[in-house]
Number of protein chains: 2
Amino acid sequence: MDEHGTCGQHDHAHAHPHGPVRTAELVARAERLAQDLGLQFTTLRRRTLEVVAEEGRPLGAYDIAERLSVPGKRVAAVSVYRALDFLTEHGLVHRIASRNAFVPCEHGHGAGESAVFLICRSCGSVDETISAEIERSLDRTLAQAGFKPASRIVEIEGECGACQGRQGVE
Amino acid sequence: MDEHGTCGQHDHAHAHPHGPVRTAELVARAERLAQDLGLQFTTLRRRTLEVVAEEGRPLGAYDIAERLSVPGKRVAAVSVYRALDFLTEHGLVHRIASRNAFVPCEHGHGAGESAVFLICRSCGSVDETISAEIERSLDRTLAQAGFKPASRIVEIEGECGACQGRQGVE
DNA sequence: GCCCTGCCTGTTACAGTGTAACGACCGACC
DNA sequence: GGTCGGTCGTTACACTGTAACAGGCAGGGC
Ligand SMILES: [Zn+2]
Ligand SMILES: [Zn+2]
Ligand SMILES: [Zn+2]
Ligand SMILES: [Zn+2]
């Protein structure tokens, strides 16, 4: 394990193709969003988003705090939680409930669309996908139960395609 | 709020129709299961199951520990965690990831079938339902992504039918 | 300029969640 | 009796998350 897991040679659309690639894109989206809604995209919020985006796996709030800290200038976890509140409220990052950790959003989906998270037990990567079909069956089931949904959590733990290929070949 | 929430006059199939009704059933299931697999359904495990089953809402491990404790004989949370490990591994209780809490299983479903949890923001009740349709769309999406699932978490937060009816009528 | 207000951040303190490690106990099996 | 595996009690600790209060900073009205 050299940096973030050992993913290297897979070709299926994967979560974070290792880092900064989508970071600028996400930051730009955040800036547009803040502009449009009259919100403040502060330095702490931007740096928190960058740290989450550049990591190839879900990060805990304390991990983020540590990465944001420099000798002589510690960032407290509570500040990170507040930044994360902002970022999750506006769909820039997602919380992975089963891991108590956070990942960058990969889709720019509206609040209505809910994501499905594929969490790999081997390499720890998280892939976010959207499926209209799942949405529909969920909606049908909920309507049938007379339940009015507000937020949905769908997290699948298992093994990603890349890790299946690497099974005994390592 | 008199005992466990204020649910009283609803008729849709609800999670725990207030307690001990299904408790005996669940315990019987656990005893059969332990018998068949040669496992130990100890007193602590049984009492933990009973406490979870008799509560009408998800319970945290520390809440369970408190309910199991009597003056002079404290049950430590770590013991409860171990009992809960046993119970969840064998499908007798489920963990609600978004609440860090536990509910009794209402369905006796096999390991393959995964449940959908409907969590009410108003009354805190949790309803467990099984939908073959959702399973199918999930399986299709996962297969398409080349992802091999091991466990699934589907938790919907919102408002249950009973609480919608009580909206402004209280 | 000056104050007031709202929002963000820093700091401290604390509650809640979960696990590792060790030792005692107990029943089963040889 | 002695060994072994599994359960439980106990302690200690790491991680997760929030409440409360104080300082800083920008914008708007005066
Ligand atoms: Zn997203
Ligand atoms: Zn993987
Ligand atoms: Zn169940
Ligand atoms: Zn309700």
Side-chain angles (χ1 to χ4, degrees), chain A residues 30-31 33-35 37-49 51-52 55 57-90 92-103 124 153 155 157, chain B residues 30-31 33-35 37-49 51-52 57-90 92-103 124 153 155:
Chain A
E31 276 164 350
L33 184 147
Q35 184 72 20
L37 282 79
L39 304 169
Q40 305 184 33
F41 188 51
T42 63
T43 305
L44 178 64
R45 289 170 180 178
R46 182 176 47 74
R47 295 221 299 151
T48 301
L49 180 56
V51 166
V52 172
E55 189 82 21
R57 60 187 181 89
L59 270 184
Y62 281 69
D63 294 328
I64 298 170
E66 198 180 342
R67 275 169 182 64
L68 289 178
S69 296
V70 291
K73 184 67 180 173
R74 259 193 56 73
V75 174
V78 60
S79 297
V80 174
Y81 275 110
R82 289 190 286 231
L84 287 170
D85 283 344
F86 174 89
L87 296 172
T88 52
E89 268 169 29
H90 298 96
L92 297 162
V93 313
H94 297 296
R95 183 181 144 79
I96 306 295
S98 60
R99 298 284 179 110
N100 297 327
F102 299 84
V103 294
I153 297 174
E155 299 174 10
E157 210 174 287
Chain B
E31 276 165 351
L33 182 147
Q35 184 73 21
L37 281 78
L39 303 170
Q40 305 184 33
F41 189 52
T42 63
T43 306
L44 178 64
R45 290 170 179 178
R46 182 176 46 73
R47 295 221 299 151
T48 300
L49 180 56
V51 166
V52 172
R57 60 188 181 89
L59 271 184
Y62 281 70
D63 295 328
I64 298 170
E66 198 180 341
R67 274 169 181 67
L68 289 179
S69 296
V70 290
K73 185 67 181 172
R74 259 192 56 73
V75 173
V78 61
S79 297
V80 174
Y81 276 109
R82 289 191 284 231
L84 287 170
D85 283 344
F86 174 89
L87 296 171
T88 52
E89 268 169 30
H90 298 96
L92 297 162
V93 313
H94 296 296
R95 182 180 145 79
I96 306 296
S98 60
R99 297 285 179 109
N100 297 326
F102 300 83
V103 295
I153 298 174
E155 298 175 11

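These numbers come from the heavy atoms of this one structure, side chains and all, not from hydrogens, waters or symmetry mates. In the text below, chain A, chain B and the rest are named by the order of the sequence lines, each starting its count at 1.
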Contacts of type side-chain hydrogen bond (donor to acceptor under 3.5 Å, both in side chains), residue B/S98, not counting sequence neighbours: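 For B/S98, the residues satisfying side-chain hydrogen bond (donor to acceptor under 3.5 Å, both in side chains) (neighbours in sequence not counted) are B/E155.
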Just jot down the side-chain hydrogen bond (donor to acceptor under 3.5 Å, both in side chains) partners of B/R95, sequence neighbours excluded, or say none.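 Residues passing side-chain hydrogen bond (donor to acceptor under 3.5 Å, both in side chains) with B/R95: B/N100.
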By side-chain contact (heavy atoms from CB on, under 4.5 Å), which residues pair with [X], not counting sequence neighbours?
X	answer
B/Q40	B/T42, B/R45
A/Y81	A/A61, A/Y62, A/A77
A/R99	A/I96, A/A101, A/I119, A/E157

At the 4.0 Å heavy-atom cut-off to chain A, mark where contacts on DNA chain D begin and end, going 5' to 3'.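 From 5' to 3', the first and last contacting nucleotides are D/dT16 to D/dA20.
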Could you check how far CG of B/D85 sits from P of C/dT17, rounded to whole Å?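 Going from CG in B/D85 over to P in C/dT17 covers 15 Å.
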Tell me if a side-chain donor or acceptor on B/S69 pairs with a main-chain N or O of B/V75 at a distance below 3.5 Å.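 Yes; judged by distance alone, with no hydrogens or angles, the pair exists.
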Partner residues of A/R46 under the salt bridge (charged side-chain N to carboxylate O under 4.0 Å, His left out) criterion, sequence neighbours left out: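 Checked A/R46 against salt bridge (charged side-chain N to carboxylate O under 4.0 Å, His left out); matches are A/E50.
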Non-neighbouring partners of A/R67 that pass salt bridge (charged side-chain N to carboxylate O under 4.0 Å, His left out), sequence neighbours left out: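 Expected list: A/E55.
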Which of residues 95-102 of chain A have a heavy atom under 4.0 Å from DNA chain D?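 Those residues whose heavy atoms fall under 4.0 Å from DNA chain D, taken from residues 95-102 of chain A in numerical order, are A/R95, A/N100.
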What pairs with B/F86 under ring-ring contact (aromatic ring centres under 6.0 Å, His included), at least two apart in sequence or on another chain?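 Here the qualifying residues are B/H90.
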Scan residues 73-90 of chain B for pairs that pass salt bridge (charged side-chain N to carboxylate O under 4.0 Å, His left out), counting only residues two or more places apart or in two chains.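 The answer is none; no pair qualifies.
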Protein N or O to nucleotides 6-13 of chain C N or O, pairs below 3.5 Å:
from, atom 1, to, atom 2, distance (Å)
C/dC8, OP1, A/R45, NH1, 3.3
C/dC8, OP1, A/R45, NH2, 3.3
C/dC8, O5', A/R45, NH2, 3.3
C/dT9, OP1, A/T42, OG1, 2.5
C/dG10, OP2, A/S79, OG, 2.8
C/dG10, N7, A/R82, NH2, 2.6
C/dG10, O6, A/R82, NH1, 3.3

